[in-house]
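Basis for what follows: all heavy atoms, side chains included, without hydrogens, waters or symmetry-related copies. Owing to the predicted nature of the structure, the values given are computational and were not obtained by experimental measurement. Numbers restart at 1 for each chain; the letters A, B, ... are given by sequence-line order, proteins then strands.
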Amino acid sequence: MTIPNTEIRDMFDQVADLLELKGENPFRVRAYREAARVISGFSEQVEKLVKGGGDLTAYRGIGKDLAGKIQEIVETGSLKQLEELKAQIPESLLELLQIPELGPKKIAALHKELGVKTLADLKQAVEAGRVSTLKGFGKKSEQKILESIGRTKKAGGKRMLISDVEPYATALEQYLKDQPGVKQVAVAGSYRRGKETIGDLDILATCGEGDEEQVMDAFVRFEDARDTIAHGKTKSSVRLRSGLQVDLRIVPEESYGAALHYFTGSKAHNIAVRKLGIDRKYKINEYGVHDGENRIAGRTEEDVYAAVGLAFIEPELRENMGEIEAAQENRQPGLITLNEIRGDLHAHTSRTDGRNTLLEMAEAARDLGYEYLAITDHSQKVAMAGGMTEKDLREHMQRIDAVNEQVEGITLLKGIECDILAEGTLDLPDTVLKDLDLVICSVHYYQRLSREDQIKRVLRAMDSPYCQILGHPTARLINTREPIDIDLEKIIEAARERGVVLELNAQPDRLDLPHNYCKMAAELGVKIALNTDSHSIEGLKRMKGGVTEARRGWLTKADVINTRPLGDMLAMLRKR
DNA sequence: GCCGTTTTCGGCCCGACTGTTTTCAGTCG
């Protein structure tokens, strides 16, 4: 039996939810949540760690008891404690936690006093006016609950892709900057950390003294705001028409850095930094670092970190996954930047499913300042996209040569995105692959193979000396399609042995290889190709999102092959 | 349930807003 980390994480989260509904010690609840978080950040499989006799208690947040429970899950596939809790508390109560106004205490009251078990029960109880008879509930609560029930059914509170959120973030930032009295505006939160998906936008502002109220008034009047969730002097929240929630906080200028740090998070990172403050007898909040009555830091983020003995930590690293220790020991990675990218190694043209011609793509890449662009159209298996046979590909190679003659200032590389077939063989014969500059091998079909078959298949493809880059290794589509069932640790190990480069595909809904595995790959010396997988000239500009994911994966210029000049980059590809 | 040169008990990050209160609990981030 195989238990993915995500399943262990979900079980612990469920235990935490159920314990909370039971009114258990909140710190005990927190321990389960923390363990769930730590597990989800693992870049190796917990199951493998346990079976290999690894010591889970070495990880912060996992003690003897929880290590035992993880072992139980790995060995039996279930957790007795969770089953017992489910027997005591109706599992359907968990769905009530999705309603914004309801937390564990209120749900417990609804359950105990009114016998509410499901969303449907709750709706009935509200409509019958029974909810407002309870202590702590009133007419307004009933109203809000009813609205929220309608909403969870429609939108489901899904997190949005960061690329979809960007236009809102930019527009709001500009709108607020244009308001009279406003001095500084920054989008903080998971947006600033560059997470793949965004739950809500956190915006921070400073303004002239006395201007707070008019700024807040302007904020809730933002033209795209659908309704106001909260409207205070220093904190307000609105929901945009798209369903995206936006919070605005206004702080004094001398607190800007502390607040920016605080609202950038992550929560786990902040807690760890605050603990360092406590060690020094400081209190850290969004207004500054305080030594008794005195504020000793807070104007900039650098001040805040310095106050607790840390070098500045890049927002993308702030997940309490080792960055604090790294900053203490001054061994922070010099994260890769967009302007270090010298070329793009994955692009499609109108020959298959792209929208632009070879020439247009070449000129667009040159205009981005690139030195090279690999043309990697699809192979024959991808018939829907006009995938190429050997003969087609040879003709395409000639056209690429012709464009290289024609265009100055950029080199087009002759490549292919060659499909990995069901059995792990490649979609085109070696006789043509050997004449290319670059071969990317990718999984597009047969995504539902068993874990065992999937691993076998991809490893077999990687055995081919022509497999130089493994394209979008998990094949995930964020919010749309689960990753294929595969042991990435094994794939990374195989890449190291064979000299295969792993792709970090920058498409906003792929970001594949995911950042935690990028980190693992780099630690093992496996190189990454940071590619846009463009299907148009606009697509070439999506490199930025890939760089952000790479930064979240602690990657430096040295880890990414397309930061090198053409000759050096080619020399890093597997020989064949 | 975790954790530890303030160690094996007794702490555990911190504050704003809302609704229902009449001084505060619950929720959220």
Are His231(A) and Phe219(A), when compared by the centres of their aromatic rings, separated by less than 6.0 Å? no
Taking any heavy-atom pair under 4.0 Å as a contact, classify [X]: base, sugar-phosphate, or nothing.
X         : result
Phe12(A)  : nothing
Glu286(A) : sugar-phosphate
Phe137(A) : sugar-phosphate
Arg30(A)  : base

Is it the case that the side chains of Gln14(A) and Asp10(A) hold a donor-acceptor pair, with the cut-off being a distance below 3.5 Å and no angle test? no
Between [options], which nucleotide gets closest to the side-chain atoms of [X]?
X         : options                   : answer
Thr234(A) : dA16(B), dG1(B), dG19(B)  : dA16(B)
Asn25(A)  : dG29(B), dA16(B), dG1(B)  : dG1(B)
Tyr262(A) : dG19(B), dG29(B), dC3(B)  : dG29(B)
Lys281(A) : dT6(B), dC13(B), dT18(B)  : dT6(B)
Phe27(A)  : dC14(B), dC13(B), dG29(B) : dC13(B)

According to a strict under-4.0 Å criterion, is Asn285(A) in side-chain N/O contact with OP1 or OP2 of dG15(B)? yes
Pairing partner (Watson-Crick or G-U wobble, both distances under 3.5 angstrom) of dC3(B): dG10(B)
